[in-house]
Undergrad: 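Got a structure here, written out as structure tokens. Questions coming.
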Amino acid sequence: MTGTPRTLAEELRTRTDSGLVGLLRARPDLLNPVPGDVTQLATRAGTRASVVRAVERLDRFVLQTAEALAVAPDPCPYDTLGALMAGDAGDPAVAAELPRAVAELRAQALVWGPDDRLRLVRTARELLSPSATHPSPTGLGPTVAEAMAGMSPGRLQEIIAAAGLPTTHDPVTAAAALTGLFSDRSRMAALLDTAPAESVAVLDKLLWGPPYGGVTDRPAPHLQWLLDRGLLIAAGARNVVLPREAALHLRGGRAHHTAEPVPPALAPATERDPQLVDNAAASQAFTALATVEELLKEWDLGGPAVLRAGGMSVRDLKRTAAALDTTEQLAAFWLELAYAAGLIASDGEADERFGATPAAEEWLQLPDHERWAVLAAGWLAATRTPGVVGTADAKGRALAALGPHLDRSPAPEVRRRALSLLATLPPGTSVPALAVRSRLRWERPLRSGAAAGQAPAAGRTPGAPAAVDGATGPAGSAGSAPDPVDDLRSRLAQWTLTEAELLGVTGRGALATHGRALIDATSHTTADPTPADTHAAAARAAAVLSPLLPEPVDHVLLQADLTAVAPGPLHRPLADALGVLADIESKGGATVYRFTPASVRRALDAGRSASEVQEFLTTHSRTPVPQPLAYLIDDVARKHGRLRVGAATAYVRCDDDALLSEILADRRAAPLRLRRIAPTVLAAQTAPDQLLDGLRAMGYAPAAESAAGDVLIARADTHRTPPRTAPAPVPDGPPSPDPTLLTAAVRAIRAGDLAATAERKPVHAPAPVSGALPRTTSAETLATMQAAVLTHSALWIGYVNADGAASQRVIAPVRVEGGFVTAYDHTSDEVRTYPLHRITGVAELADDSV
């Protein structure tokens with residue numbers, strides 16, 4: 001194809017295969033399904049949904065370039081675009097970056113045509129062009145011709161006469177004359193020199209938008225002066241608008257108040273010793289493991305109930321926060337982290353409750369660095385966002401932890417990008433969170449959820465006219481971005497930085513060495529990382545983290561005040577056993593356990609004898625067992641089991657009838673409603689577990705027994721849900737295609753385009769309508785096929801498959817027999833066999849078509 005392309009489809013046909021691959025990679029929604037030819041690809045690339053998605057992924061300067069094209073003449077020369085972006089004074093930074101912006105718009109098929117005739121695709125122009133209801137981010141209004149449409153010819157002639165222009169014979173030439181005046185810098189300057197100062201002040205108020213203003217029924221003289229010369233044009237009964245050409249003159253030719261060709265710098269930077277950063281991150285990583293482990297232990301016997309609408313109640317979230325000794329918002333993060341890693345889930349029973357999953361048991365047995373890898377991989381890929389817990393949904397209902405509607409599909413991409421920005425800094429270097437949010441806001445200015453073309457002016461409701469008849473309110477700057485803290489993408493970035501610190505990916509605000517390993521393996525790929533990629537990256541990061549984590553110890557230090565100090569993380573079996581025998585009093589670098597009568601009784605209830613407890617402490621303590629602790633164990637063991645509680649409703653039996661008499665005489669036993677039925681047996685009207693608790697509250701140490709009279713070992717049975725999978729992330733649009741799919745798609749598009757556009761030899765049949773399948777009789781089809789086999793020529797066929805889907809193909813027949821034709825299919829790039837009865841028609845191609 002030669003000459004200037006007349007359509008987007010024609011330009012796409014001139015692109016190389018790598019160019020089409022780049023388009024499909026940048027806009028993967030165009031691949032579902034794979035377009036049949038280039039015309040279908042161009043049509044799909046111009047649909048509103050696809051264009052909106054593409055525009056939302058532009059960086060701020062590329063978006064500003066597209067916005068300038070939307071208010072520029074169509075087509076727009078490159079020099080005109082450069083003047084709109086840099087203004088009359090010019091801007092070297094804008095001039096240097098503008099070729100990149102135009103190339104990006106071309107690559108995404110949002111702009112086409114040569115440099116002297118740049119065209120923004122129609123849908124993008126409609127999105128970004130100004131209107132009365134949706135002001136342009138540029139703050140510009142309609143052109144003179146658009147604003148004067150529908151104005152009476154007499155009024156038009158009055159305006160151009162007042163502006164010092166000769167009268168014309170029709171409205172079109174009148175609008176053109178006024179446009180020429182406003183676009184001429186010297187003539188426009190001369191006109192404004194004659195304007196009253198109040199009139200210039202009104203223009204200044206509307207200069208950067210919105211360009212609409214409100215007036216009264218009887219405009220003041222300085223407003224009437226502007227209306228008479230077309231510098232303000234009536235836009236309804238009480239509104240006026242500043243025409244685009246006049247605004248551009250007043251702005252010095254600039255479409256935007258401030259062009260932003262360069263992203264905001266990541267500054268100010270704070271440098272720290274990388275080793276200190278790694279140590280701080282490793283310490284926090286270990287704390288994260290301990291917190292999740294404590295959460296699982298808290299839910300060993302079953303977690304809170306699931307609300308009817310899903311999730312945890314506020315009361316249960318508060319209880320969990322108290323158990324973890326943290327805030328409710330942080331408790332929601334730990335809950336969602338464990339949920340994303342597949343460690344907790346609902347059990348699915350009729351009385352549905354949350355609980356630990358079987359995977360949690362396996363996780364607890366892993367080495368610390370491998371456990372961290374599971375958490376990091378789950379966090380990095382999760383779309384569930386604990387930061388929104390407690391906020392209201394679209395219906396005003398509070399969002400619950402572990403509940404529905406917490407997914408925010410941009411979250412994984414924002415996490416990876418925020419960490420990637422930290423990875424560009426030298427090791428040990430941190431920057432304020434605001435700097436990261438500002439950079440992300442520049443990279444995706446429209447990903448906050450606002451529709452393209454609807455960014456409001458600062459301090460102004462979108463589309464609200466400014467009062468220009470005597471009002472003195474400040475005019476906003478059109479296109480001013482909302483506060484970076486307010487949009488979703490910036491909030492996700494803030495949450496990412498906070499959560500990365502909690503998880504130990506960063507330390508003191510800087511990316512740790514293992515954090516770099518985590519992000520480097522997932523950020524330098526052309527496609528979104530798969531779950532396998534994410535887990536592999538987390539495993540590599542965990543290997544880097546492993547030497548930094550504290551080594552587990554196999555001993556404690558017993559002290560005379562009935563405490564034991566663990567000088568580091570304990571081996572799993574030792575920690576579990578000590579957790580039964582003693583209560584955790586404080587945590588930190590050294591965990592302090594306290595022995596109490598209740599904790600020792602708990603160990604005895606679990607089946608240990610006093611001698612076994614003594615031996616356990618002697619084996620695992622670097623200090624001798626203190627005498628007070630030995631006395632405590634012996635004293636509890638001596639009382640343990642003297643009383644036996646079983647099920648009648650419940651009963652108490654004891655060989656010492658004096659002890660039973662003592663219990664009956666105790667006023668505290670009144671709620672248990674005990675009565676003696678034998679010298680050594682008391683009956684109760686309470687359940688056995690309540691009777692056990694009541695007697696223990698009175699200072700006794702009863703033991704439960706079975707129907708056979710054996711002591712029951714009160715070992716807590718852990719509650720586990722059925723096997724559950726971690727929640728699947730909600731994708732942010734179609735997945736990024738892999739290279740194999742892109743190559744195959746481009747080959748199919750090229751082949752389909754060949755079938756649709758190849759030149760055909762004339763046949764003795766009515767010429768087919770453009771784009772329709774060829775139609776020939778069965779005899780003609782068979783004869784043409786047989787001839788093509790002998791001459792080794794290519795054919796154009798129409799084919800209808802078993803599902804009734806019609807397509808057109810270019811084939812080179814190899815063999816015709818038994819009602820089938822075997823041919824090389826240029827469309828699918830393979831040899832295929834087609835039933836002749838499904839071929840609607842056939843036509844020979846011109847000799848140079850293939």
Side-chain angles (χ1 to χ4, degrees), residues 55-56 58-74 76-102 104-105 110-111 118 120 124-125 127-131 134-143 182-183 185 203-212 241-264 438-439 441-446 448 450-460 462-463 466 474-484:
V55 168
E56 284 182 343
L58 301 176
D59 67 48
R60 185 177 298 281
F61 185 65
V62 177
L63 178 61
Q64 286 183 326
T65 303
E67 292 164 353
L69 282 170
V71 297
D74 187 29
C76 175
Y78 182 88
D79 291 342
T80 301
L81 174 63
L84 283 171
M85 294 298 296
D88 296 342
D91 187 333
V94 169
E97 287 296 318
L98 190 58
R100 177 193 69 85
V102 173
E104 177 69 16
L105 293 172
L110 295 173
V111 165
L118 295 173
L120 191 66
R125 178 173 287 274
L127 281 170
L128 301 175
S129 292
S131 69
H134 299 307
S136 166
T138 61
L140 293 170
T143 62
F182 291 167
S183 301
R185 293 286 190 266
L203 295 179
D204 288 341
K205 292 178 64 175
L206 302 179
L207 181 57
W208 294 106
Y212 293 90
V241 63
L242 176 64
R244 186 180 306 170
E245 294 83 356
L248 285 173
H249 171 83
L250 295 169
R251 294 180 177 193
R254 287 180 294 162
H256 294 87
H257 186 277
T258 304
E260 299 182 54
V262 180
S438 298
R439 172 66 72 87
R441 178 73 186 175
W442 184 90
E443 293 179 350
R444 296 287 188 272
L446 291 184
S448 61
Q454 298 185 31
R460 189 82 57 78
S477 171
S480 297
D483 186 338

Undergrad: Please find the pair of heavy atoms, one from Pro142 and one from Val241, that lie closest to each other, and give the distance.
TA: CD-CG2, 3.5 Å
Undergrad: So how far is it from Leu207 CG to Arg251 CZ, rounded to the nearest 0.5 Å?
TA: 5.5 Å
Undergrad: To check you understand the geometry: which heavy-atom pair defines the closest contact between Leu81 and Ala68, and what is its length?
TA: CD1-CB, 3.9 Å
Undergrad: What's the spacing between Gln64 CD and Glu97 CD if we round to 0.5 Å?
TA: 12.0 Å
Undergrad: Any side-chain heavy-atom pair from Glu56 and Arg444 closer than 4.5 angstrom?
TA: no
Undergrad: Which atom pair, heavy atoms only, marks the closest approach of Pro211 to Gly139?
TA: CD-O, 3.6 Å
Undergrad: Does Phe182 reach the side chain of Leu248, with side-chain heavy atoms less than 4.5 Å apart?
TA: no
Undergrad: Please give me the minimum heavy-atom distance between Ala66 and Leu120, naming the atom from each residue.
TA: O-CD2, 3.6 Å
Undergrad: Which one of Cys76, Pro130, Pro137 satisfies the side chain to side chain contact (heavy atoms under 4.5 Å, CB included) criterion with Val71?
TA: Pro130
Undergrad: For the residue pair Arg254 and Trp208, what are the closest heavy atoms and their distance?
TA: NH2-CZ2, 3.8 Å
Undergrad: For residues Val62 and Arg100, determine if any side-chain heavy atom of one lies less than 4.5 Å from a side-chain heavy atom of the other.
TA: yes
Undergrad: Rounded to the nearest 0.5 Å, how far does CD of Glu104 lie from CZ of Phe61?
TA: 12.5 Å
Undergrad: Check whether any side-chain N or O of Ser136 sits under 3.5 Å from a backbone N or O of Ser129 as a donor-acceptor pair, and report yes or no.
TA: no
Undergrad: Any side-chain heavy-atom pair from Leu63 and Val55 closer than 4.5 angstrom?
TA: yes
Undergrad: About how many Å separate CD of Glu67 and CE of Met85, when rounded to the nearest 0.5 Å?
TA: 8.5 Å
Undergrad: Any side-chain to backbone donor/acceptor pair from Arg125 onto Ala70? Under 3.5 Å, distance only.
TA: yes
Undergrad: Flag the pair Leu105 / Leu58 as yes when at least one side-chain heavy-atom distance between them is below 4.5 Å, and no otherwise.
TA: yes
Undergrad: Give me the atom names and distance for the closest heavy-atom approach of Ala96 to Pro99.
TA: O-CD, 3.6 Å
Undergrad: Quick check: do Leu84 and Thr138 have side-chain heavy atoms less than 4.5 Å from each other?
TA: no
Undergrad: For the CG atom of Leu203 and the NE2 atom of His249, what is their distance to the nearest 0.5 Å?
TA: 10.0 Å
